[in-house]
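Notes follow the structure.
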Amino acid sequence: MAPPTPTYETVWRRIPKLPQAEGADFDFSDNPTHAEYTFSQGTSAQRKFKAGLRWMLLLASGVSVSVIYFGMRAGIEGLQDVRADFLADGMKKGEFASTWVQHTAIMAALLIPATLIVLVEPQSGGSGIPEVIAYLNGIVAPRSFDGFVVCVKIVGTILSVGSGLAIGPEGPTIHLAAAITLNMVWVAHTLLGDKFAALSNDHDKRLFLAAGSAAGIACAFRAPVGGVIFALEEAISHFDANLIVRTYFICVISYFTLTILVEGKHLDTDRFTEYQLSIGCNVGYDAEDIFLFAILGVFGGLLGALFNHINMKLNYWRKKHIGPYGYRRLIEVLVIILCTSILVVFVPTTFGCTSIDNIVNHIPKFDTIQDCARIDSDPNVTAIPFGYCLSQPVKRFCQHGPDYIDEERLEHLYELKLLRTSLCAKDADPGYNELETLMQGSGHEAVAVLFEEGATNVFGYASLFIFLFIYFFLAVISSGASIPGGLVIPMMTIGGTMGRLWALVINDTIKNVPGKTPIDPGAWAQVGAAAFWCGSGRVTVTIAVIILETTGEYSYLPAIGIAVQFAKWVGDYINPGLYHQLIHLKAMDLLEYVPRGATKGAYVRDIMVKNVKTVPTEGRCGDLRTMIQGCNHNGFPVVDEVNGALVLRGLVLRKYLAPRVISAIPDDEMIDLTVLMTRTPYTCEDNILAFQALNMFRLLGIRHLIVRDHETNAVVGILTRKDFHALHDWGTHGLHVKDTPFTTPNHAHDANESIASDVALSTEA
């Protein structure tokens, strides 16, 4: 669908509403016309051709996703490095006011164009993850995966993430990867015509989109297995056995291609992970620590639920007060720029410098440097005798003594993006600023330094508490702005900070006794990141696998698993996951795995639409044309009237009926609908439980369910996914049929007749 031509009125004053989301036809039609075409493509040679074409498309998509992500990441890092170097120069000179003015101007120069991109094409805003999840669930948001959206979102993501806001590129990468794969299908269909038509149905498109989104995860996190798990976890409602093999193939291709682009011809296996930990030992933990990991999971669930609550309150406020007005959206972005720039520039100046030896002050003192040097000289010694694990910079410090750290090596630490030293340049004792290190780099750098193992006291309580509060605030206000960007990196940053804080508390209390080995806050930061991410997003297995793959710290699999599960339990008890709430905010009828609240006692007859538009097996063209033009329904039961009852013969879809009746056919001509209809549509009786019908929709991927009377077998109603959306709302408030009579609204029986969505706000994670 081509985007509308932007004008002053549609961009600046009032952005027009997006077309309403529609249901996907995942099920194949068995009408004679469609069946004839399907069977004509079914020779052995043609089946092999189609199978080979699928694999070639997946291969091309995997390579394309990697190349585009590599270019996008290079652009983001280039902008972030320029901004960070400018900040470092200004902070080193002590010119804080002028540095803030210029830093604000840099952010505005990047974010104003990114905002204008979203005003022109609203579907390029946010992360796009809700749209991906909605499509896998059976909802097609118009234009969400168009080629134009891909092009402008790439540019917008580079500008917005490179500006230094509390957002990340991972969410947009998943959306872009899914869109690229779908556009590959469109290109193949355009070039090959009818030879590819059999693979252009909604069912196959869904498989391609699931594979594409998984490839996005494989690139963004260098986590190919995590990509496969994501496709399964979100697409499991309409599971297809081919999904695993195809998804794994495209993930491996994307992962391998990106590794070649990053590492070159010679591949260093030690650098395959996104956050490679520079340690020479594994940080262990005691069996009883599993209870402490569970508590960390509870904290993650509570903080994640709070994040969701504030985020959604702000998003609904945006929808009411900012709404579709382009100038208000731009003003909001400018306010966010001012808040971010003030906090990033001035808050670190209020914090003192930390001596460089603070990163090793947890290590017992040695009589000679040679005792410490054994760490590097003896390959069998992977930790200090007392069980303290050291990162490589700490090892070098320990080996050579305090004189090893000089201005040159401090600059080297800055280049490695481990420590920020600009505010401490004038001090006699070399040091670093903890808040400058956390706040003035990119989100990716903040996660990396939080995850760093072997540097226990690199951050103290004060800096972590202040950073947690500030970054939580910035992530909440930035996530719903009219810019491309996601919340994955902010979630990992907030969770990593929470995990480090919890580890410091444990070291100062439970582990601060003789015979106990202190834990490593860097390792616990990884667990905290998984806990908070799951406490907000509620995607359990995917998050656990991604954290393991992205760090390479597989010894913490039990800890991450426990923390993630507790975070989900606590979060689900309080409110739904953020991604699903955003889908409902966009008025898309997501079918949840289990409706929230009570649904006992609800039957199909209580929620079905009773005033059904039906058509006869042979209808007059003029009557059918009037009906098609007078409604937006997608499916029409084909019936014959027998003894006053409507006997079902089939179901005809709009996409087959409309071309026939709108063509130049005389009004009086009769049209045989039996050659256009699906002869065996899905049906149910009116006395079955609504929850059973919901399972049919989710597991079979159907779009319409015709309801028959349990005694006469006559057609008495129809169900679509929006009718279950009403059931979800009903259950959320804890109502029962026996408590409150359910009044079914007289609305159209199709997903594209759901609640009219306002302009798509960029409120996505």
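Since this is a predicted model, take the numbers as computed values, not measurements. Note that the numbering runs from 1 along the sequence shown for the chain.
No side-chain N or O of Arg698 forms a donor-acceptor pair with one of Asn695 less than 3.5 Å apart. No side-chain donor from either of Gln526 and Thr550 sits under 3.5 Å from a side-chain acceptor of the other.
Asn308 places no side-chain N or O within donor-acceptor distance of the main-chain N or O of Gly577, the cut-off being under 3.5 Å. When atom types are taken as modelled, the side chain of Trp55 and the backbone of Phe249 share no donor-acceptor pair closer than 3.5 angstrom. A donor-acceptor contact shorter than 3.5 Å links the side chain of Ser213 to the backbone of Ala210. The main-chain N or O of Phe148 is never found under 3.5 Å from a side-chain atom of Asp146 such that the two would form a donor-acceptor pair. Without hydrogens or angle criteria, Arg206 side chain to Leu136 main chain gives a donor-acceptor distance under 3.5 Å. For the pair Ser254 (side chain) and Cys251 (backbone), a donor-acceptor distance under 3.5 Å is absent. No side-chain donor-acceptor contact under 3.5 Å links Asn311 to the backbone of Phe307. In this structure, Gln123 contributes its side chain and Arg143 its backbone to no donor-acceptor pair below 3.5 Å. No donor-acceptor distance shorter than 3.5 angstrom exists from the side chain of Ser536 to the backbone of Phe532, with no hydrogens or angles considered. With Asn137 contributing its side chain and Leu590 its backbone, the two residues share no donor-acceptor pair below 3.5 Å.
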Report task. Determine, stepwise, if the pair Lys568 / Val564 fulfils side-chain contact (heavy atoms from CB on, under 4.5 Å). Result -> CA-CA 6 Å; Lys568 178 172 174 57; Val564 163; 5.6 Å; no

Requested in this report: Report the C-alpha separation of Thr181 and Leu57 in whole Å, then their side-chain angles, then the decisive distance to 0.1 Å, and conclude whether the side-chain contact (heavy atoms from CB on, under 4.5 Å) test is met.
Outcome: CA-CA 8 Å; Thr181 308; Leu57 279 176; over 6 Å; no

Query raised in the report: Can you check side-chain contact (heavy atoms from CB on, under 4.5 Å) on Val539 and Trp533, steps first, answer last?
Result: CA-CA 8 Å; Val539 187; Trp533 188 2; over 6 Å; no

Report task. In sequence, state the C-alpha distance, the side-chain angles, and the governing distance for Leu261 and Arg73, and then conclude on side-chain contact (heavy atoms from CB on, under 4.5 Å). Result -> CA-CA 12 Å; Leu261 293 173; Arg73 183 69 176 267; over 6 Å; no

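Shown here for Leu58 and Ala211, the closest heavy-atom pair between the two residues is CD2-CB, 3.9 Å. The heavy-atom pair separating Ile139 from Arg721 by the smallest distance is CG1-NH1, 3.6 Å. When all heavy atoms of Tyr285 and Ala559 are compared, the closest pair comes out as OH-N, 4.0 Å. The minimum heavy-atom distance between Cys684 and Leu705, with the atom names listed, is SG-CD2, 3.6 Å. Looking at every heavy atom in both residues, Ala220 comes nearest to Glu170 through CB-CG, 3.8 Å. Taking each heavy atom of Leu296 and Gly499 in turn, the nearest pair found is CD1-CA, 4.1 Å.
Residues Met492 and Val488 form a side-chain contact, since some pair of their non-hydrogen atoms from C-beta on lies under 4.5 Å apart. For the pair Pro224 and Glu549, the minimum side-chain heavy-atom distance is below 4.5 Å. Between Thr497 and Tyr471, every side-chain heavy-atom pair lies at or beyond the 4.5 Å cut-off. In this structure the side chain of Arg54 reaches within 4.5 angstrom of the side chain of Phe208, judged on heavy atoms. Using a 4.5 Å cut-off on side-chain heavy atoms (C-beta onward), Val262 and Arg222 make contact. Put simply, the side chain of His444 does not reach to within 4.5 Å of the side chain of Glu77, judged on heavy atoms. Two residues are said to be in side-chain contact when any heavy atoms from C-beta on lie closer than 4.5 Å; Ile295 and Phe291 fail this criterion. Within the 4.5 Å cutoff, the side chain of Ser144 has no heavy atoms near those of the Val149 side chain.
Rounded to the nearest 0.5 angstrom, Ile129 CD1 and Leu487 CG are separated by 9.0 Å. Atom-to-atom distance recorded for Leu165:CG and Ser160:OG is 7.5 Å, nearest 0.5 angstrom. Note: Lys205 NZ to Leu182 CG = 7.0 Å, rounded to the nearest 0.5 Å. To the nearest 0.5 Å, the span separating OG1 on Thr540 from CD1 on Ile560 amounts to 13.0 Å. Remark: Phe221 CZ to Thr551 OG1 distance equals 12.5 Å, nearest 0.5 Å. In this structure, Leu582 CG and Met312 CE are separated by 5.0 Å, a value rounded to the nearest 0.5 Å.
A salt bridge is absent between Glu121 and Lys153; no separation between the charged side-chain nitrogens and carboxylate oxygens falls under 4.0 Å.
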